[in-house]
Amino acid sequence: MKRRDFLKILGVGGVGTGLGYFFGKASKPPAAELIPYLNPPVDVIPGVANWYPSLCTQCSAGCGIHVRVMEGRAKKIEGNPLHPINKGKLCARGQASLQALYNPDRIKKPLKRRGDRGKGDFEEITWEEGLSILSKNLLSLSEKGEADKLYLLTSQIRGSLNKLLNSFMVSYGSPNYLQYELFQNKNLLYANQVTMGVNAIPHYDIANTKYLLSFGADFSSTWISPVSYSYAYGQMRQGEDGIRGKLVQIEPRLSLTGANADEWVPAKPGTEGVLALAIAYAIVEDGYYKGPDAASWKALLSEYSPKDAAVVTEVAEGRIREIAKEFGQTRPSLAIGGENLARYENGMSGLVAVNILNHLAGNIGIRGGVIPNSNGSRTIDFKNNIAAFATAASASKVKTLLVYDTNPVFTTPKAMKTEESLRNIPFIASFSSFMDETTAMADLILPAHTSLEDWGDDFADPSVGYPVATLMQPAVSSFFNTMGLGDIILSLAKGVGGRVKDKMPWNGFSDYLKDAWKEKYSKDKDMLASALTFDEFWNQLLTRGGWWPAEQAKVKAVAVSPKGIEAHISKASSRFEGEEKGFPLYLTTYAHSSYLDGRGANLPWLQELPDPMTSVVWGSWIEVNPMTAKKLGIKEGDTVTVESPFGKVTAHVYLYPGIRPDTVSMPIGQGHSAFGRYAKDTGSNPIEILPFMEDPETGEIALNSTRVRISRTTESEKMVKIEGSTKELGRNIVQTISPEEFKRMNKEVS
Amino acid sequence: MKKFILYIIIGAATFMMGYTINGLYSPDLSPVQPIPFSHKIHAGTNKIPCMYCHIYAENSRHAGVPNIKRCMGCHSIIRTDSPLIQTLQTLTSYWEKKEPIPWVKVYNLPDHVYFPHKRHVKAGVPCQRCHGDVANMDRITRETVSFGIPYVRVSPLKMGWCLECHKNEAQKYIGTPVKNGTDCWTCHN
Ligand code: SF4
């Protein structure tokens, strides 16, 4: 070997070894550190999860949750298996509520407005400063004798926090504590009031019914208590007695629930109330109602003969009678009226009709029917509503507004001018943890904890036939520099002083909560019987997640009489704004199963979740029947302008065979102009183009109330959806046989 | 051309060599810790049981490093005069600053492995089986010395090594091979 070669080999070898050595070093994971606790909390074992029972606050169903916490960090949320409402199950919004806690767009500190209102220019301040600004404002208001010009606007808070807020407002001297959400079932409450005499939502016993007639109630994704109803629906379909309950869904646009139904009845939008009354008439006329007052019912309903109704509703007379027969004869049956029905301009009348149906079929107060809840009547001042508030604000009757967890700027039609009326209020303080559209208008933001960091309780309404109370406890300590709403209010009470302070001597909201429960405990004989001492009872609350009796309460029947009902039902089909000629299509809107009224749009998990019916992810779409689309010359993915007499929005076209050709539909929830990076500037908000049309009796804003026209823009885009084709394309995915063949095969087998 | 291939072979062989040398002798087998804590004194001379300090080993997947309060529980009485307990960079100073000690991990498994201490301890595998003769180590190391040459690792923490025990050695502790012990999901979940 030559000397040169030897050196070369040596060189190659050396370089190889060196490279190998450093490659080995670089490819090793970096040295990790082991950081022990300085002084460990008693209940923490690193690597072992603690599960804290608490309450889901993503909607007002009031499901019980278990939060999995490891080393002080919340990792996962599951349903509380003991909880009677959700029985261990949880919906996507409940699952995603974890991301509210860790959301990077949370307001992390108190903020004070620096620039123009609504421009989003804020400076950080301390809690002392923030609280003193607000208490000074409240003090000066009451010194001027204008205490009644303080308004408090919140979401549907129940339980002790609601009591605290109420006593704060009352002792301060303002009657203006108002709860507003887009979906708060005011029409349903009112309808129940006039028919059954209770201002409450009963327990719809879907689980045990054999025939469910649903008027646009999308109970498997958003209606009232979706987890509870979905669970019950599963039981209804696989009934323990071996009878599979039947579901008939009446709505112009096939919802997720509709897609599960045995029959879909797409009545003409706005005529469902009339259809319900026609079914009621057929029940009486065809003799399925056996009550002594059958004659007076017949007289009352005589205007709604199925024959006439068939013309109005576009549902054949025979079908109406058939539904009447099945509904009247199947025992037990159950009719429910959901948001689609309730949010017509005369939605309340439709809901009254649904109650009449339940009465005629004898469903009220029986298992598998309508079971009244025992928590009594709510006192609801229907006149004190969001529209009244907006009017007061425009008339400068609101001097200071406190707002928490509700977003009227987003959830009311532009035509109502909520934003303008807010501009008229001299001082707005928000307690929101997120910069939503309403909070962006605030002068002062005192961010409250999210529900995983705070104390609270809730009394489910509707409950499941017996009272259910859920306790909310902090699963983790607060993540940012925020404060619980109860604690904020108690500090404000101290700052305002005087009577307010005397009324509220508690040091913190947790003390208040415990005292409230102590009082409840001392009065409730069931609770007294359940545990020995209050401390034991309290511990049981904390470990079980709440309190509910073991036994179901006795079901009691409620009678509905035809007297006086006449005033609340109407023969007319619901009114729609916009001339048919200029605006040929009905617009119906519905709550998106992930965003509900828009509150879920800032959680990325929910943004990533495909819609269960269309499978579309992100953005907004408008559902158009393929036949209509063909006529208009539009195809899927086209960007269209949706125009009503009150404005226009853009959306992508989704071709949906499950909708009437004369109707288009848009989901609610997207189209935020604020609310953090995940929600902002995605999609569009159909509420914007709705007319300001409220139910004269309940003040509920009608969501299905306008016609629209759609016109193509030059843009088009591929829809982001996981569904490929709605056609089977000969792949034999769904195998079918004809009824004759089925009968023949059946015979052969038996 | 022939020569070129030869260079490549030599390069590759030496690369492997370098890689192996790194694996065997690299200092991260016995990293320097922020304070000169000696297992030899604690576990060896004073015969303190492992689980007196690593309190979570029986209940959690982590064995747990002792929290500083536990250290101070003894050292506010015992050997308070020792300079290593007292001076800067030592136990007391961390305690007074209210800061945890940033220990360097010696046995580090990648994130895709789920290793519960609890199950192994409960099955009766002695700590020393994987962590070596800790009672004779001043500083924890994964090197062992054979015939005066430090080169064999105490535990290589490679998958084959885990499976070997799940299949054979486990019989020594629980009488049978580990149930589902070679299923992917047993460790990668
Ligand atoms: S229905 Fe869903 S969002 Fe509503 S409380 Fe239950 S889990 Fe939470």
Side-chain angles (χ1 to χ4, degrees), chain A residues 1-52 66-76 78 95 102 475-477 543, chain B residues 3-4 6-28 31-34 53-72 94-95 97-111 115-118:
Chain A
M1 186 187 278
K2 282 200 225 116
R3 183 184 139 89
R4 269 179 84 115
D5 286 344
F6 177 73
L7 284 179
K8 267 187 193 162
I9 288 173
L10 212 61
V12 170
V15 170
T17 318
L19 281 179
Y21 186 86
F22 286 110
F23 177 75
K25 204 169 178 69
S27 62
K28 267 187 210 157
E33 280 183 345
L34 280 171
I35 310 288
Y37 276 108
L38 203 63
N39 186 1
V42 272
D43 54 350
V44 170
I45 297 178
V48 176
N50 287 331
W51 294 82
Y52 292 98
H66 274 174
V67 190
R68 182 174 197 243
V69 179
M70 289 183 87
E71 285 122 82
R73 292 276 176 268
K75 302 261 170 153
K76 183 81 172 72
E78 299 287 3
Q95 292 279 359
Y102 296 115
V476 296
S477 46
T543 48
Chain B
K3 257 190 206 155
F4 185 66
L6 181 75
Y7 290 155
I8 287 186
I9 291 172
I10 291 177
T14 48
F15 182 87
M16 290 308 296
M17 228 167 79
Y19 186 82
T20 320
I21 291 172
N22 175 282
L24 291 177
Y25 296 108
S26 169
D28 59 7
V32 181
Q33 301 291 354
C53 294
H54 301 286
I55 46 175
Y56 306 124
E58 262 183 321
N59 303 313
S60 167
R61 59 195 217 221
H62 303 306
V65 258
N67 57 70
I68 307 191
K69 193 173 171 219
R70 183 158 287 253
C71 304
M72 292 309 287
Y94 278 105
W95 178 244
K97 281 186 287 181
K98 296 289 170 227
E99 265 174 27
I101 305 173
W103 298 104
V104 182
K105 227 171 163 181
V106 183
Y107 292 86
N108 201 8
L109 285 169
D111 285 348
F115 174 84
H117 270 92
K118 178 177 166 178

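Chain naming here is simple, since letters A, B, ... match the order of the sequence lines and numbering starts at 1 in each.
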CD1 on I35(A) to CH2 on W103(B), rounded to 0.5 Å
11.0 Å
Count the heavy atoms of every other residue, nucleotide or ligand shown that sit under 6.0 Å from NZ of K2(A), and state whether that count exceeds 12.
no
Please report the interatomic distance CG(L38(A)) to NZ(K69(B)), rounded to the nearest 0.5 Å.
10.0 Å
Please classify the contact between P66(B) and chain A as side chain, backbone, both or neither, with a heavy-atom cut-off of under 4.5 Å.
backbone
Is it the backbone or the side chain of K118(B) that comes under 4.5 Å from a heavy atom of chain A, or both, or neither?
neither
Top of H62(B), H117(B), E99(B) for chain A proximity - count of heavy-atom pairs under 4.5 angstrom:
H62(B)
Gap between atom CZ of R70(B) and atom CG of N39(A) - 0.5 Å precision
11.0 Å
Value rounded to 0.5 Å, distance of CD in Q33(B) from CG in L34(A):
8.0 Å
So what's closer than 4.5 Å to chain B heavy atoms on V15(A): side chain, backbone, both or neither?
neither
Pairs of heavy atoms under 4.5 Å with chain A: top-ranked of G11(B), P110(B), P102(B)
P102(B)
Y19(B) OH to Y21(A) OH distance, which is reported to the nearest 0.5 Å
13.0 Å
Can you tell if the side chain of I9(A) reaches within under 4.5 Å of the side chain of Y7(B), non-hydrogen atoms only?
yes
For residues G47(A) and S60(B), report the shortest heavy-atom separation together with the two atoms involved.
CA-OG, 3.5 Å
Which atom names give the shortest non-hydrogen contact between G16(A) and T14(B), and what distance separates them?
CA-OG1, 3.5 Å
Side chains of P40(A) and Y56(B), heavy atoms from C-beta outward: is any pair under 4.5 Å?
yes
Does any heavy atom of chain A fall under 4.5 Å from the side chain of I55(B), the backbone, both, or neither of them?
neither
If only atom types and distance count, is the side chain of T17(A) paired as donor or acceptor with the main-chain N or O of F15(B) below 3.5 Å?
no
